[in-house]
Asker: 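Can you keep this structure in mind? I'll have questions shortly.
Both ligands and their constituent atoms are indexed starting at 1 by order of listing.
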Amino acid sequence: MRIVAIFFSILLLGVNLSVRAGSSVTPESAAPGVWQFTFGTPDQTTPMSTRHFEPDVAGLKAMPQCGECPLIPTAEFTDRGVIIRIPLKRDEMIYGLGLQMKDFQMRGTKKLLRVNADPEVNTGDSHAPVPFYVTTEGYGVFVDGARYMTFYLGNKKKKPETMADAVMPPPGEEDGWNSLSWPYERLGMDQESEVIVEVPASKGVRVLIFGGPTMKNAIARYNLYSGGGALPPRWGLGFWYRLRSYATQDEVIAMSEDFRNRNIPCDVLGLEPNWQTHAYSCSYVWADRFPDPKAMIKRLASDHFQVNLWQHAFVNPISPIYESLLPYAGDYQVWGGIVPDFLTPEARRIFGEHLWNECVSLGVSGFKLDECDNSDFMGYYSFPEFSKFPSGVDGEQMHTQFGLRYQDAVLEVYEKAHQRTYGLVRNTGAFAAPYPFVLYSDLYDHRTFINSVAQAGFSGLLWTPEVRHAADNADLIRRLQAVVLSPLAMVNGWYLKSPPWKQIRSDLNVQDVFDPDWEKTEALCRDVINLRMQLVPYLHAAFVRYKQEGIPPFRALVVDYPEDKNVHNLSGQYMIGDHLMAVPVVAGQNTLSVYFPEGRWYDFFTGEVYTGGSHVTIEVPLDRIPLFVKEGTLLPLARVTASTADPESGKLTVRVYGQHPQPFTLYEDGGEYDPSLRAVTLTWDAARQQGELKGGSKRGFYTVEAWTPCGELKN
Ligand code: GAL
């Protein structure tokens, strides 16, 4: 009997060992330049199995070839789940993993990718964790799990097999406490290492490898595999203002008139929670303070304002959709409301039909999807990880999917109506590039907000460093300067009565006590917003490339200059399209050290020229926004108009930077659901010192009013 038992244990041990040993599999082709490795039996619900958008195969085919799969991941199975190992080379730098507001280059760190609305600590918690990273070796890795995965990014090493392999401390460093670098575990960049990913509670997982050959190609490939980047309607690129939560219909109209009377451009007005009868949780029914929302929206539209409505997904019992949603909701409630299971088509349909009837059919052009990011760590505002949903997922899986599937529910309304939208969301995740929703946060550190613009671009995300209150007027101006150089230029005045330039102190603002100098502050703010309006055609062109080629419109310098070690840790500077480099400043900064990568760069405002490969300290008085133009650029600037709907905004001044600028392509976009996007190309004849605009439609939205040689040509 004993012998039989021993025999069986040996057998079991054998089985166990063979399952647990590291295993590798042969890659399959998932798309051109994308390889898929399937280890074990992947979970049923993952980002890949629930995706809303199909890969843009034509876009992927049109990309440069990237050769063989650049690396082979391996897997191990444990009682805790699956462990994936991906090799790392010496000096290889790692970026991405979604919106990591407080981080940038991540090699040497550990990140637990957990959805958290208050990511105060740099541990991987995020509004938008994404299990995708890229490296300076020019490839990307995606782990297709819906669990909270942990990424050990080159900081773990197994013990040696024998004493002979042990690494002894170098002479003089025997006292480990004195060694600052702790070289044994926290491997230096100058050694080979590996990324280890633990996927908990799973019996298998898919891993996708995105080929390069450059980091920019790898990101573009990921974005095209996601379905291509989002293209906002032109109005989405104008200026946005959100009114206080308790604003009434009359106040909204008055605010719209004030913007027009004060000559402050504005395209979108946002209404905050209390447009509804019940907001926490939501009824999605207009409150009495809006006696005739249809008339209001019509009136605003006649003055070229779009309306965006705040909401979250937790449905209050007074909502007309509560009862029909009950069977399609999770088993825990939030703020007394139910949590729709947006993984089910039924929940998306019921929710979407109501939004159509109550809001979108009236002309509401988009939504701000709040509170979908596990707002539970600082309060009690979300569903627990052990929740159960009718689709079969638990709360943890739902958290990594919630923002995406919530966006699906809203997007389906606009898709059905053949309308484009642009809005905001506080949680998103994998394959998010095609979603026309921009991330924001209640955290408010300005430096962190600026860093996030570049950081978001590694993983197919868009981020706005929105302006709310400010410590003083300088802080307000600096914040506004940064936000106009981001994917969504917005002031979120949800707790102010008047715009912050009238009174920065919210206690006085709500009492209508204006700053004695408010008109001066307003003038400064107007200038900053005007800059945004000038940049709309350029930004729109950058977004078209995002849609068609997957290249993020806002991206860190390391994406464009991976060979330049000076930019490997540079998070405060970023490219906007291919030609502009922004270096936003925080209040209190009087000087700024700017790094110029290769080539020559012109100051947007003064025309001063800087040579690449150098750090330069520049003065930054309050009215100076550090914005630089790369040599060889034709930069189209629009006439400043009250809104992007004004046809005058198609009248351009084209700035000519350098002797032989490249042609520049911008696009006519009539705002249709599937825009035909007629290309308009600007070219410059250096010999004749003359520019030409070619293409576009017969009636031509764009015309050039002036060609302005800038920089040295001027002198
Ligand atoms: C927060 C959101 C703010 C504002 C507020 C209204 O969750 O981040 O931007 O909308 O709710 O209650």
Asker: May I ask you to identify, for R468, whether its side chain, its backbone, both or neither come under 4.0 Å of ligand 1 on a heavy-atom basis?
Answerer: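 Looking at R468 and ligand 1, no heavy atom falls under 4.0 Å.
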Asker: Please confirm whether P273 approaches ligand 1 to less than 4.0 Å, judged on its heavy atoms.
Answerer: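 Yes, P273 has a heavy atom closer than 4.0 Å to ligand 1.
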Asker: Please determine which of F314, Y381, W310 meets the ring pair (Phe, Tyr, Trp, His ring centres under 6.0 Å) test together with Y280.
Answerer: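 Among the candidates, only W310 passes.
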Asker: Of the choices K368, E371, R244, which has the non-hydrogen atom that lies closest to atom 9 (O) of ligand 1?
Answerer: K368
Asker: How many angstroms lie between atom CD of E358 and atom CD of Q276, to the nearest 0.5 angstrom?
Answerer: 9.5 Å
Asker: Does any N/O atom on E466 come nearer than 3.5 Å to any N/O atom on ligand 1?
Answerer: no
Asker: Can you find a side-chain donor-acceptor pair between E385 and Y148 that sits under 3.5 Å?
Answerer: yes
Asker: So which heavy atom in the protein is nearest atom 8 (O) of ligand 1, and how far is it from that ligand atom?
Answerer: D442 OD1, 2.6 Å
Asker: Under a 3.5 Å cutoff, is there a donor and acceptor pairing between the side chains of N316 and S283?
Answerer: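 Side chains of N316 and S283: no pair found under 3.5 Å.
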Asker: For residues Y284 and N357, is any side-chain donor paired with an opposing acceptor at under 3.5 Å?
Answerer: no
Asker: Starting from atom 10 (O) of ligand 1, what is the nearest protein heavy atom, named by residue and atom, and what distance separates them?
Answerer: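 Closest protein heavy atom to atom 10 (O) of ligand 1: E272 OE1, 2.3 Å.
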Asker: Has Y280 got any heavy atom lying under 4.0 angstrom from an atom of ligand 1?
Answerer: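 Right, Y280 reaches ligand 1.
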Asker: Within a distance under 4.0 Å of any heavy atom of Y440, pick out the atoms of ligand 1 and give their elements.
Answerer: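 The list of qualifying atoms is 8 (O).
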Asker: Among D370, D373, N492, whose heavy atom sits nearest atom 11 (O) of ligand 1?
Answerer: D370
Asker: Quick check: closest heavy atoms across W463 and S452, and the distance to 0.1 Å?
Answerer: NE1-CB, 3.3 Å
Asker: Check if H312 has a non-hydrogen atom at a distance under 4.0 Å from any atom of ligand 1.
Answerer: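 H312: no contact with ligand 1 (<4.0 Å).
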Asker: Just checking, is any N or O donor in the side chain of T45 or Q401 under 3.5 Å from an acceptor N or O on the other one?
Answerer: no
